[in-house]
Protein chains: 2
Amino acid sequence: MKAWLHNCAGEIPKEIGSAYDLACFELNSAFPDIQWHIRPDPEMGDAYRVYPENGRWTVSGGETGILYGAYSMIRKKDSGQPAPFTEESAPAYSLRMINCWDNADGSVERGYAGRSLFFENGRFAYDPERMRELGRLLASVGLNVLCINNVNVHDPAQQLLEDWLPEAAELAAVFRPFGIRLMFSVDYSQPMRHGIPTADPLDPDVRRWWKETAARVWKAIPDLAGFLVKADSEGRPGPFTYGRNHAEGANMLAEAVRPFGGVVVWRCFVYNCRQDWRDLETDRPKAAYEHYAYLDGQFSDNVILQIKHGPFDFQVREPLSPLLLGMKKTKLAMELQLAQEYTGHQIDLYTMAPMWKEIYEELPAGNIMSIAAVSNFGRDENYTGHPLAAVNLYTYGLFAWNPETDVKEAVSEWVRLTYSLPENDTEKLIRILLSSRRIYEKYTAPLGIGWMVTPHDHYGPNPSGYEYDLWGTYHKADRNAVGIDRTAQGTGYLMQYPESFRKKYEDAETCPDLLLLFYHRLPYSFRMKDGRTLIQRIYDDHFEGLQETEEMASVIRSIPFPGPDREVIDVRMDMQLKNAREWCDIINTFFHRLSGIDDEKGRKIYL
Amino acid sequence: MKAWLHNCAGEIPKEIGSAYDLACFELNSAFPDIQWHIRPDPEMGDAYRVYPENGRWTVSGGETGILYGAYSMIRKKDSGQPAPFTEESAPAYSLRMINCWDNADGSVERGYAGRSLFFENGRFAYDPERMRELGRLLASVGLNVLCINNVNVHDPAQQLLEDWLPEAAELAAVFRPFGIRLMFSVDYSQPMRHGIPTADPLDPDVRRWWKETAARVWKAIPDLAGFLVKADSEGRPGPFTYGRNHAEGANMLAEAVRPFGGVVVWRCFVYNCRQDWRDLETDRPKAAYEHYAYLDGQFSDNVILQIKHGPFDFQVREPLSPLLLGMKKTKLAMELQLAQEYTGHQIDLYTMAPMWKEIYEELPAGNIMSIAAVSNFGRDENYTGHPLAAVNLYTYGLFAWNPETDVKEAVSEWVRLTYSLPENDTEKLIRILLSSRRIYEKYTAPLGIGWMVTPHDHYGPNPSGYEYDLWGTYHKADRNAVGIDRTAQGTGYLMQYPESFRKKYEDAETCPDLLLLFYHRLPYSFRMKDGRTLIQRIYDDHFEGLQETEEMASVIRSIPFPGPDREVIDVRMDMQLKNAREWCDIINTFFHRLSGIDDEKGRKIYL
């Protein structure tokens, strides 16, 4: 299994040492009858141009640009489209990042595809051949930064900056021909492991330690992309400990890495994860904006704030994070999550591209300059656990390159690259993948409310699992109503948005249905725009979600997937069916017990 | 720390090799001025008589009887009562057992007092001196059987019958002078580890294997008490796998151990732990009776069925198990749980003797012939984690000897043995211990409903944690009503009882309050016998439980506990206060959200 690289030539020869050589190798392997003309133009960087010139197909671009041009041609050819063809392209974002949440012990936080590809038993442990295969997968869709360790830096992963540096440099060399630069998650308190009694960013010893460390690290890996930091979040150390704000905290690291061209990617995932459920004032979605917006303009130019796309944490549906709209003078990256933490654990089908499209529709083009996604791959033979989950890694690359990518075309391209199915099965599979997110959404927590999942594990339903807990994720459902009022009359969260945005959501009568319960607290008798009551809409969605899953399952079973995929897909489809049934029945029962209102259509709700 | 043995002489000399020698040593150490006359009478067994004869204090009894007589005198003396005194006593039950749920890896299932005293790293690992101290603790209150390994026999604990037998024999020798015989939990499928393809109790090879094994085991430990078996329960193997009933299963083992005087203690904890929450027919409390009652009379005479005191699983309040009333022709043991699994994890104060008294009041004297309790001790310095939890181990011994033990006297004796406090503090502490169970009950799940705990962990509230799960423990609370109807009109559970019992509980108007929601499904507006509504009673109990915990905390802080106990008690009291507040607030909010009914007294319920 090589995910969507089935049709590519066998292994990449180890001797290939540059993106230029790799591009030549790939083009010559994929188009044996074409004599390519390669015209390097370092100025072009990641951009490329493919065109016929004097009767020869020419590829011009920076070294990586040529590689991306080559892969673009190969992807089109292998997915059955005419290639080569004339194309000119440049990426929308300079850093197109994958964040692996891999731990040194070999586990992967929120990993659903086996153990870490990089680590085991508290040390590096990888198969160089698989590394090259992974590099090829990522490069083939234009991804160029790989952060290999978890943002929660558990001992001994901090050794990446220390004893493990020579090995890390070896790994960096493996990825270099693929145009992929490594990045490391760092522990903000790391100086304290070296006799410095503080990690205060304004402390001279701390600053010196980081400068010396950066010099040492970049000497070993001159093209390291930078450091990724999760500070003051969910138990991680950070500048708050020393009374400093996050600009002070990030800028200190930025100064240390600047001489080497490094960046500091600073995650804006700060909230009170010890909130008391009795506290009605605090509203977790407000936290990121409150912690960062006022610092706009104060960050160094090699700091990138990495902001999750929604204000909570990768629920099936969230509004766009207001912070992505509120920091015009700061370099921003948006963070997506390919790992299906809340979206089915790579058991349930969940194609993310339609969700990303919605996100991009609300995000002005220039607001972000980079993009990151939490990895969904691991040591499983097929990389993503569920073979169909690879569509998310693939299309993420396309969207990271071009946010205006057409969803259907991207998914279709992946299907055709991955499987050689009869055309009507190909079409069926594309349709299923495109509908999978909405189906998952229907059978899980309703209308933007989120969080009705099994605590901690996050697979399967538990409607009150987080309701009396510390995490700030409440629905407050009672016998009359459900939801949190986040308008000006409620927690005021909506006031963090520009006016056009506010207008769209502030009135329950006109608020888009699918975010209705995110923004509003409403009685079960509330009339939706289509005339149904809120409770009936909840029942309908859940019954439909289950029914559509059953239909999907029967289509999936009819598609002639090849050997090993067949079995994995069938087993997981059965698990998804079971999960959909649990969600449907439990959510409906939960709301029926509260509301006492029967389903108008008389379908079975368990009492 | 030696729990309640503070006043006893230092270590027991290693040379002491018999209960007789030990009795002499203890008496001479405790009463240096008295010349005892010891009159062994093997016929008397565990019974003893202490009396003055010809001007000398005389103790007669079997070898162990003399030991128990000695400890009775010492307990009285050390708790400040006049001793020696004339006494004649014999135990109500022949086997007074402790079941340790200790695993070979050193963990203790549901253990709240540190790691195992017996095992670590997959092998025996004990401190012989602590073993003698433990033996002395148990013997001092008349306990005589110690099952050292978990009823869930995880690999490699099955080695107790095999490679570890010589070491087990050494441990048995350590406990022998204390009158304590070991028992082993066995894995019903153990023959299958030895090339036999089945564990079918009627298979000749299986029967031969167990006979040979028993011969080998009793050769090494001739006074081993027997085997303890958890079969066909929560994933454990058992006779059901082979289409055999539990009489066939138990009798096979009984036959194997009979030649050596061994018993088979067979746990009646069989229920469907994969129940679907949608299934309204199955009612877990009915399971034990359904699985065993019809087998009455079919068990060999060296089989003892060990039945949990209630039909569920050690909730704060349960009715007496109907199985304890329904098997007149079978030897029965009742199982209690000293480990505070559902009753506060040895953080919250919870003195069990008042609960046992209630149990005994409903249990005819002759119905059981043995008694067992799950251990609450571990490697913690004070043995029971919370020093005040030792009262449960102590009073268990007294109740196992004599079910008619006076609760207050027993608790008082323990307090006076353990602490030398001023008299008014002694009285305060006794009062607190006696009230602690009712207080815990008030702030947790209401009126016999149970199970509103954090799933799996079982500490702290989660009112719907098990509601949509597999374990058969539902309350079905909705906007109108709460509880399960277990009368003839409902699941029929109550029909498993004799008529007098049924009459007591079948009518909600006359059913004792504290089991009301165990037996009945009732609307929140239901009028309790005292005129309050059900919902008001729920609120009142919870607010009172919290308030009484606060009062208890202030009394506890005022009592001058000695050194190390002081700190442990204070830290845990703070944790209990926090726990009581969570329970009170969460349960009240949960029911207010459902019922919409305010507290009549206007106390704070969080919305």
Side-chain angles (χ1 to χ4, degrees), chain A residues 274-282 452-457 460-470 474-485 490 521 523-524 535 542 546 578-579 581-598 603-607, chain B residues 274-282 452-457 460-470 474-485 490 521 523-524 535 542 546 578-579 581-598 603-607:
Chain A
R274 307 291 300 166
Q275 180 174 345
D276 193 304
W277 62 273
R278 282 160 285 228
D279 164 11
L280 301 180
E281 299 302 312
T282 306
M452 289 186 160
V453 292
T454 307
H456 316 305
D457 177 60
N462 190 334
S464 293
Y466 276 121
E467 196 55 17
Y468 303 102
D469 214 328
L470 305 165
Y474 314 116
H475 53 65
K476 308 264 179 199
D478 68 17
R479 74 201 313 264
N480 301 313
V482 54
I484 306 283
D485 181 354
R521 180 169 183 81
Y524 299 115
I535 188 74
H542 285 80
L546 173 57
K578 198 168 163 237
N579 191 40
R581 181 174 301 282
E582 284 296 293
W583 271 103
C584 170
D585 288 345
I586 289 175
I587 298 296
N588 284 343
T589 297
F590 174 77
F591 281 109
H592 190 281
R593 286 187 183 180
L594 283 166
S595 70
I597 299 170
D598 291 335
R603 289 161 294 191
K604 179 74 182 167
I605 296 179
Y606 296 85
L607 299 182
Chain B
R274 308 290 299 167
Q275 179 174 346
D276 193 305
W277 63 271
R278 282 160 285 227
D279 164 11
L280 301 180
E281 299 303 311
T282 307
M452 290 187 162
V453 292
T454 307
H456 315 303
D457 177 63
N462 189 336
S464 294
Y466 276 121
E467 195 58 15
Y468 303 101
D469 215 328
L470 304 164
Y474 314 116
H475 54 65
K476 309 263 180 199
D478 67 17
R479 75 199 314 263
N480 302 312
V482 55
I484 307 283
D485 181 354
R521 179 167 183 82
Y524 298 115
I535 188 73
H542 284 81
L546 172 58
K578 196 168 165 236
N579 191 38
R581 180 173 301 281
E582 283 296 291
W583 272 102
C584 170
D585 287 344
I586 289 176
I587 298 297
N588 284 344
T589 296
F590 173 77
F591 281 109
H592 189 279
R593 286 187 183 182
L594 282 167
S595 70
I597 299 169
D598 290 335
R603 290 161 294 192
K604 179 74 183 167
I605 295 178
Y606 295 85
L607 300 183

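Quick note: numbers below take in every heavy atom, side chains included, and nothing from hydrogens, waters or symmetry partners. Numbered from 1 within each chain, the chains take letters A, B, ... in sequence-line order.
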Comparing B/Thr589, B/Asn480, B/Asn462 against chain A, the one with the most heavy-atom pairs below 4.5 Å turns out to be B/Thr589
Can you say whether B/Pro461 sits under 4.5 Å from chain A via the side chain, the backbone, both, or neither, judging by heavy atoms?
-> neither
Distance flag, aromatic centroids of A/His475 and A/Phe590, threshold under 6.0 Å | yes
In Å, rounded to the nearest 0.5 Å, how long is the span from SG of A/Cys584 to CZ of A/Arg603?
-> 8.5 Å
Interface residue of largest heavy-atom contact number with chain A, from B/Ile586, B/Leu280, B/Thr454, under 4.5 Å | B/Ile586
Side chain to side chain contact (heavy atoms under 4.5 Å, CB included) partner of A/Gln275, the single match among A/Leu470, A/Thr282, A/Asp469 = A/Thr282
Please flag which part of A/Glu582 lies under 4.5 Å from any non-hydrogen atom of chain B: side chain, backbone, both or neither.
-> both
Checking A/Leu607 against chain B: side chain, backbone, both or neither under 4.5 Å from a heavy atom?
-> backbone
Could you state the interatomic distance from CG (A/Asp478) to OG (A/Ser595), rounded to the nearest 0.5 Å?
-> 11.0 Å
For chain A, which of B/Ala477, B/Gly465, B/Pro455 has the most heavy-atom pairs under 4.5 Å?
-> B/Ala477
Within a strict 4.5 Å, meaning less than it, do heavy atoms of the A/Tyr606 and A/Asn588 side chains meet?
-> no
